[in-house]
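A short worksheet on the structure shown next.
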Amino acid sequence: MTYAYLGLGSNVGERLTQLEAAISILNDKEGITVTQKSPIYETDPVGYVDQPQFLNQCIEVQTTLEPNELLKACLDTEQQLHRVRDIRWGPRTLDVDILLYGDQIINEPELIVPHPRMLERSFVLIPLNDIATNVIEPNSNKEIGHLVIPDESVKKYEF
């Protein structure tokens, strides 16, 4: 059994409903149990900025799946919620990224863990810190709580 951390994001349609549905779908998959979820944050888009704001959240899962199997479960979840990949960093109903998989460092064509841009993104680190402050990021060998930088543009979502 391995603990993994996933980043979720949505900025198309019913954003909150998409996040809730994603957590439910993932939790219903064999070999995945959602054990923690962060508060939800509303954030500005990164990269391609001409799009609506995102809702972002991180979840902790306990899994018996191997990393590539977990990736497949994440991609399947995106497809179930009608993810369309038209524009790099573009609008999406749902994005599910594997941020951390235990203490593993994975560098394969289809999967890089820890997520390669995780440390650059407050919208990932802030919610991740809410549920994994003492977890070690294996590339830096530092706790998440020591890597997070306050960012006033990342606001807790009020609903």
Side-chain angles (χ1 to χ4, degrees), residues 2-65 67-101 110-133 135 137 144-145 147-159:
T2 301
Y3 283 97
Y5 294 88
L6 309 179
L8 310 177
S10 175
N11 77 333
V12 173
E14 296 295 324
R15 302 173 302 166
L16 183 59
T17 302
Q18 301 283 8
L19 295 179
E20 291 168 343
I23 291 169
S24 179
I25 290 167
L26 287 162
N27 196 54
D28 287 345
K29 291 189 181 291
E30 188 168 333
I32 299 175
T33 302
V34 176
T35 50
Q36 287 193 78
K37 50 187 183 172
S38 75
I40 296 169
Y41 292 85
E42 190 164 43
T43 63
D44 293 329
V46 172
Y48 180 75
V49 296
D50 187 19
Q51 58 182 318
Q53 287 190 308
F54 278 84
L55 290 186
N56 293 100
Q57 183 174 30
C58 290
I59 61 173
E60 175 189 76
V61 299
Q62 198 172 31
T63 186
T64 57
L65 301 179
N68 284 312
E69 295 171 319
L70 182 59
L71 175 62
K72 182 181 181 322
C74 293
L75 295 173
D76 288 347
T77 301
E78 290 179 350
Q79 280 197 312
Q80 280 185 260
L81 294 171
H82 312 290
R83 165 79 186 260
V84 177
R85 295 177 185 269
D86 285 342
I87 302 169
R88 181 176 169 89
W89 297 326
R92 61 204 79 164
T93 55
L94 181 69
D95 186 34
V96 182
D97 292 324
I98 300 174
L99 305 174
L100 299 167
Y101 184 91
E110 299 298 316
L111 180 61
I112 299 173
V113 176
H115 189 281
R117 289 171 297 285
M118 179 176 86
L119 300 183
E120 303 162 12
R121 296 179 170 171
S122 296
F123 66 84
V124 171
L125 287 176
I126 290 172
L128 183 60
N129 184 54
D130 288 330
I131 60 171
T133 194
V135 170
E137 191 280 329
I144 297 300
L147 297 170
V148 68
I149 298 168
D151 184 340
E152 292 180 17
S153 71
V154 178
K155 296 179 172 57
K156 277 195 181 172
Y157 183 64
E158 303 296 329
F159 52 95

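Computation of the quantities below employed the complete heavy-atom set of this structure, encompassing side-chain atoms and omitting hydrogens, waters and symmetry-equivalent molecules.
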_Residue pair Asp44 / Ser153, side-chain donor-acceptor N/O under 3.5 Å_ = no
Over all heavy atoms of both residues, which pair between [X] and [Y] is shortest? Give the atoms and the distance, please.
X	Y	value
Leu99	Val113	O-CG1, 3.9 Å
Ile98	Pro67	CD1-O, 3.9 Å
Cys58	Val124	SG-O, 3.6 Å
Val154	Phe123	CG2-N, 4.0 Å
Pro127	Pro39	CB-O, 4.3 Å
Ala73	Ile32	CB-CD1, 3.8 Å

Exam field: side chain [X] to backbone [Y], donor-acceptor pair closer than 3.5 Å:
X	Y	answer
Thr77	Ile25	no
Glu137	Ile144	no
Thr93	Leu81	yes
Asn27	Val34	yes
Glu78	Val96	yes
Thr35	Glu60	yes

Rounded distance (nearest 0.5 Å) linking atom [atom1] of [X] with atom [atom2] of [Y]:
X	Y	atom1	atom2	result
Asp76	Cys74	CG	SG	9.0 Å
Ser122	Asn129	OG	CG	11.0 Å
Glu30	Thr63	CD	OG1	10.5 Å
Gln18	Gln80	CD	CD	11.5 Å
Asn68	Leu71	CG	CG	6.0 Å
Tyr3	Leu100	OH	CG	14.5 Å

*Return the set of residues passing side chain to side chain donor-acceptor pair (under 3.5 Å) with Asp130 (not counting sequence neighbours), or none when no residue passes.*
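Residues passing side chain to side chain donor-acceptor pair (under 3.5 Å) with Asp130: Tyr41.
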*Could you walk me through whether Lys37 and Ile23 pass side chain to side chain contact (heavy atoms under 4.5 Å, CB included), step by step?*
CA-CA 9 Å; Lys37 50 187 183 172; Ile23 291 169; 4.0 Å; yes
*Would Leu6 and Leu70 count as a side chain to side chain contact (heavy atoms under 4.5 Å, CB included) if you check the C-alpha gap in whole Å, the side-chain angles of each, and the deciding distance to 0.1 Å?*
CA-CA 10 Å; Leu6 309 179; Leu70 182 59; 4.2 Å; yes
*asked:* Between Ile149 and Leu125, is there a side-chain heavy-atom distance shorter than 4.5 Å?
replied: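 No. Closest side-chain heavy atoms not under 4.5 Å.
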*Hey, is NZ on Lys29 packed in by over 12 heavy atoms from elsewhere, all under 6.0 Å?*
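Count over threshold, so yes.
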*Restricting to pairs with a member in residues 11-28, which pass salt bridge (charged side-chain N to carboxylate O under 4.0 Å, His left out), not counting sequence neighbours?*
Arg15-Glu42
